[in-house]
Amino acid sequence: MFAKIVLVAAVAAIAEARFGQEGAIQATIQGLSSFGNPGQAATLAGQTPGVLLAGANACAKLSLADQIVTALGNDAAVLAAAAQLVGAEKNFNPSAQSIPTLCSDATLPATAALRGIVPLVDPSVTGAEVENANAATSLQTPFSATGLSVADVAKAQGFTNFTAQANA
Ligand SMILES: *[C@@H]1O[C@H](CO)[C@@H](O)[C@H](O)[C@H]1NC(C)=O
């Protein structure tokens with residue numbers, strides 16, 4: 001009984017740590033308030049949780065990352081924050097889906113500096129170790145992505161256990 005409670009608490013803590021990333025990304029974008037017009041960074045930051053929802057289209061966060069760069073400019077801090085959004089794990093509801101969705105639109109993201117970045121996926125998904133290692137690598141050194149969608153890049157780098165989703 002006690003062991004079970006501890007286990008549940010530990011699992012909850014892990015889940016919270018992973019989904020804390022949404023708040024972290026929102027805060028990072030919010031922190032770009034010295035770029036763009038007053039209030040623009042805050043408005044864009046407010047849009048980040050919506051594109052990371054489990055039900056959001058997998059391409060939506062890529063379009064938002066492009067919008068962030070378009071609105072706030074291509075300062076290194078802006079690009080790093082937008083890259084984090086591209087590489088973020090979209091929420092995942094294991095009771096409703098067994099594999100993640102990745103964007104199959106090769107035109108997204110349009111920003112050259114944001115291409116070749118693949119996202120984190122839920123660690124419970126078969127193959128997640130490969131993808132999550134690739135995601136970390138790609139934030140440092142983006143993969144080759146000429147003509148490729150995020151889904152194509154993930155596949156080229158050895159992760160195939162996902163559903164490709166077109167831009168809606
Ligand atoms: C994909 O991941 C799901 C969830 O972990 C697993 O049940 C399934 O067997 C995996 N499929 C492949 C082809 O690896």
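Worth knowing before you read on, the calculation uses all heavy atoms, side chains too, and leaves out hydrogens, waters and symmetry mates. Ligands are counted one by one from 1 in listed order, and the atoms in each one are counted from 1 as well.
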* Derivation of the side-chain contact (heavy atoms from CB on, under 4.5 Å) call for Asn167 and Thr107 -> CA-CA 10 Å; Asn167 195 11; Thr107 67; over 6 Å; no
* When Ile, Leu, Val, Met, Phe, Trp and Tyr are grouped by side-chain heavy atoms lying under 4.5 Å apart, directly or through other members, which residues fall in the same group as Leu120? -> none
* **Same cluster (ILVMFWY, side-chain, under 4.5 Å), Phe162 and Val153** => no
* Asked: Looking only at protein heavy atoms, which one is nearest to atom 1 (C) of ligand 1, and how far off is it?
  -> Asn161 ND2, 1.5 Å
* Heavy-atom nearest neighbour in the protein, as seen from atom 4 (C) of ligand 1, with distance rounded to 0.1 Å -> Ser98 O, 3.4 Å
* Please determine which of Ile99, Val121, Val125, Thr101 meets the side chain to side chain contact (heavy atoms under 4.5 Å, CB included) test together with Phe92. => Val125
* Residues Asp152, Ser149; criterion side-chain hydrogen bond (donor to acceptor under 3.5 Å, both in side chains); working and verdict -> CA-CA 5 Å; Asp152 293 330; Ser149 66; 3.1 Å; yes
* To do: Considering the heavy atoms of Ser124, write down every atom of ligand 1 situated less than 4.0 Å from one of them.
  => 5 (O)
* To do: Could you list the atoms of ligand 1 found under 4.0 angstrom from a heavy atom of Ile99?
  => 1 (C), 2 (O)
* Structure fact -> One finds that the ligand 1 atoms under 4.0 Å from a non-hydrogen atom of Val125 are 2 (O), 5 (O)
* Give the residue and atom name of whichever protein heavy atom lies nearest to atom 6 (C) of ligand 1, and the separation in Å to one decimal. => Thr126 OG1, 3.4 Å
